[in-house]
K.L.:
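Have a look at this one before I ask anything.
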Protein chains: 2
Amino acid sequence: MITINDIAKQAGVSRTTVSRVINNTGYVSEKARKRVMDVIGETGYVPSQHAKSLRTKKTKIIGVILPKISTDTSSRTVNGMTEVFEAVGYQILLTSTNLDKQKEIEHLKLLQNRQVDGIILIATNTSQELLDEIKVSKVPVVVIGQEMADVPSVIFDDYAAARQMTQLMIKKGHRRIGYIGVDEEDRSVGMLRKQGYVDVMAEHGLHMEDAWMQNGDFSIDSGYEAMKRMMLASSGDLDGVFAATDRMALGAWKYIKGQGLVIPDDIAVAGIGSSETSRFIEPALTTIEYEHAQAGVESARIMLQVLQGEKEISDKKVLDFNLVERDSI
Amino acid sequence: MITINDIAKQAGVSRTTVSRVINNTGYVSEKARKRVMDVIGETGYVPSQHAKSLRTKKTKIIGVILPKISTDTSSRTVNGMTEVFEAVGYQILLTSTNLDKQKEIEHLKLLQNRQVDGIILIATNTSQELLDEIKVSKVPVVVIGQEMADVPSVIFDDYAAARQMTQLMIKKGHRRIGYIGVDEEDRSVGMLRKQGYVDVMAEHGLHMEDAWMQNGDFSIDSGYEAMKRMMLASSGDLDGVFAATDRMALGAWKYIKGQGLVIPDDIAVAGIGSSETSRFIEPALTTIEYEHAQAGVESARIMLQVLQGEKEISDKKVLDFNLVERDSI
DNA sequence: CTGAATAAGGGAATCGATTCCACATTTGTG
DNA sequence: CACAAATGTGGAATCGATTCCCTTATTCAG
């Protein structure tokens, strides 16, 4: 391997000078600069990142913890971040927890050992253990998707989104509306969205049954099963169902169709997420589109600011959403 | 930051001994080991990866270059790799080229500078420039998806897959079958799949028109546009279309429906990829399922073998596929 | 009981950069 | 023209580990 010493020798200067040329610091004469550049060009020398990091304590790598690679949500978010980071020479180290809560903490530790400069966590829960780990983190952490005290975060207004969707369903004449959610440990997706649904239903004085609130685990199949349980346990016919995620809505949609029912005439279906599939099914799914790419961009910007020491204080950024009205309601 | 020296001092031994304890090498008495372990436990000391890498030239990170994060294909592949690498303490550094050919080469260089131990490239072309870059790579490269001379690779039998699908369409009574492909620089997806289609059509003595072969760029929209061009330019009615990817098939499917035609009675539609959406549209898309997770597993295994110096020679692994017959043909 | 083998542990070089400090040379100003 | 400031360059310490080599203590076979 070719090192800075080789370059220095070949160019007839000290390695100090070579370092100056590479990093554009200090005083270097044009003559010396040119000679060094030439040698670097000829040899194809590339500085060792490890040696560099060992001295500077910087890696220019941001670790990103995803709940699941390959969901529409993840990819949009990552694309947004990439845009910002690439422009300033940062790279992204992606890891996926596959929705395993414990792995969220594990990966947080692992990434710190890899000495990334910062970590962006797309969080699925707000457990104390997780919060503690973030607090003791040696590198700055930015969270997407959950509101956490004293941690800079980018969030969506899940409560408002769920409210708006529920209102639309009611406006369209649906009254007996069920809900498919997820575990409430996931504050944003599990609790806030459900609360939005419950509150609006109550405000309209609409009847609700325990059986109408089922939980899934984000998967399509779990949506299918939840819908099945709901219909079986309900005291009468439902005329609508609102799922906390598009994938679960898809499962419900599948079950309803399998029962020979017509969407939306017999039962309306709505989701959140604006997944790609949601456009193509028939009737197309009414859903809510979050600005995931924007969340990626914002989180990256916040990270960069924190890295430059601009903000010590926690910062919240709430992003917009918009309701995509299609044919399933 | 707490270093090996601090541990040595606190435990009353030399840093040589601390290193031995950490790495389980050389002779260390039980007494010394315990003392060191205790101090490490108390302090929460974690060795610096940079210092380590600087000496050992190993990082235990594998770089993975994806054409696109967040396609079903990518995620399945990565999941397969993760399974293997996690078990042996390797981490994965994901990067995405967003289908930009030039970035494939850029990222190849970038990852080498990051001194990853190896690179797995999910390739979309076989250009000489790319091949050259692989040849001069300082770290081993394993390729998925394209056959390359002298490079260990995991590939699918694209030709056979396309043949089988075309045969099925013909068997089902379709005769005037169009094809939506991609640029032939992508040897596997662009050339081989198309060749499979062309050969089978020819073997059956079926008529083909230039207008029946359109290209897209992997996107849904491009499939839509390709289908539109095809129908407009065709000398007579088509009764089938075979797209090289599910996403493009989806676009075609959308256009066909928009024209008020019935699938498969008026026109049959087939794709390759077994995307999630393909299950949910109506009629459900007949497609081919590749063993992407397996590709991830195999590529990871090959990488591990190469890293252990087991194989210097290139190695090809061809994976299976199976045709998922649904309602669109 | 002696000499070799084994066990235990430390000193110091090394990996490839960055950076502080000291020194030399050139330039500028009154 | 003298002296301060600006410019240019190198020596050497440093970052935090690993590892080669050497010394010392212990064990054991003959």
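Protein chains get the first letters and strands the later ones, always in sequence-line order, with residue 1 at the start of each.
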K.L.:
What's the verdict on salt bridge (charged side-chain N to carboxylate O under 4.0 Å, His left out) for K109(B) and E104(B), showing C-alpha distance, side-chain angles and the deciding distance?
P.N.:
CA-CA 9 Å; K109(B) 286 187 186 164; E104(B) 246 167 62; over 6 Å; no

K.L.:
Counting only heavy atoms from other residues, nucleotides and ligands, does the tally under 6.0 Å from NZ of K138(A) exceed 12?
P.N.:
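More than 12 heavy atoms, drawn from other residues, nucleotides or ligands, come within 6.0 Å of this atom.
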
K.L.:
Which heavy atom of L111(A) sits nearest a heavy atom of G63(A), and at what distance?
P.N.:
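Minimum heavy-atom separation between L111(A) and G63(A): CD1-CA, 3.9 Å.
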
K.L.:
Send over the distance from M1(B) CE to dT14(D) C1', rounded to a whole Å.
P.N.:
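After rounding, the reported distance stands at 15 Å.
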
K.L.:
Step through the shown structure and confirm whether more than 12 heavy atoms of other residues, nucleotides or ligands are within 6.0 Å of NZ on K34(B).
P.N.:
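Check fails, neighbour count at 12 or below.
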
K.L.:
Might you work through the side-chain contact (heavy atoms from CB on, under 4.5 Å) test for V64(A) and I119(A), ending with a clear yes or no?
P.N.:
CA-CA 6 Å; V64(A) 176; I119(A) 298 175; over 6 Å; no

K.L.:
First locate atom CZ of F218(A), then atom CG of D183(A), and finally report the distance between them rounded to the nearest 0.5 Å.
P.N.:
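Taking CZ in F218(A) and CG in D183(A), the distance rounds to 9.0 Å.
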
K.L.:
Tell me which residues in residues 40-58 of chain A put a heavy atom below 4.0 Å from DNA chain D, sorted by number, or none.
P.N.:
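When residues 40-58 of chain A is checked for heavy atoms under 4.0 Å from DNA chain D, the hits, listed by number, are L54(A), R55(A), K57(A).
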
K.L.:
Ion pair present between K103(A) and E86(B), side-chain N to carboxylate O less than 4.0 angstrom?
P.N.:
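Result for this pair is yes, salt bridge flagged.
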
K.L.:
Only one of E129(A), E185(A), E106(A) clears salt bridge (charged side-chain N to carboxylate O under 4.0 Å, His left out) with K101(A); which?
P.N.:
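Looking at E129(A), E185(A), E106(A), the match for K101(A) under the salt bridge (charged side-chain N to carboxylate O under 4.0 Å, His left out) is E185(A).
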
K.L.:
Would you say K317(A) has more than 12 foreign heavy atoms packed within less than 6.0 Å of its NZ?
P.N.:
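No, NZ of K317(A) has 12 or fewer neighbouring heavy atoms, counting only those of other groups under 6.0 Å.
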
K.L.:
Within residues 23-31 of chain B, which residues have any heavy atom lying less than 4.0 Å from an atom of DNA chain C?
P.N.:
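Only Y27(B), V28(B), S29(B) qualify.
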
K.L.:
Within a radius of less than 6.0 Å around CZ of R187(A), do more than 12 heavy atoms belonging to other residues, nucleotides or ligands occur?
P.N.:
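No, CZ of R187(A) has 12 or fewer neighbouring heavy atoms, counting only those of other groups under 6.0 Å.
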
K.L.:
Heavy atoms within less than 4.0 Å of DNA chain C: which residues of residues 4-20 of chain B have one? Give them sorted by number.
P.N.:
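Nucleic-acid contacts, sorted: V13(B), S14(B), R15(B), T16(B), T17(B), R20(B).
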
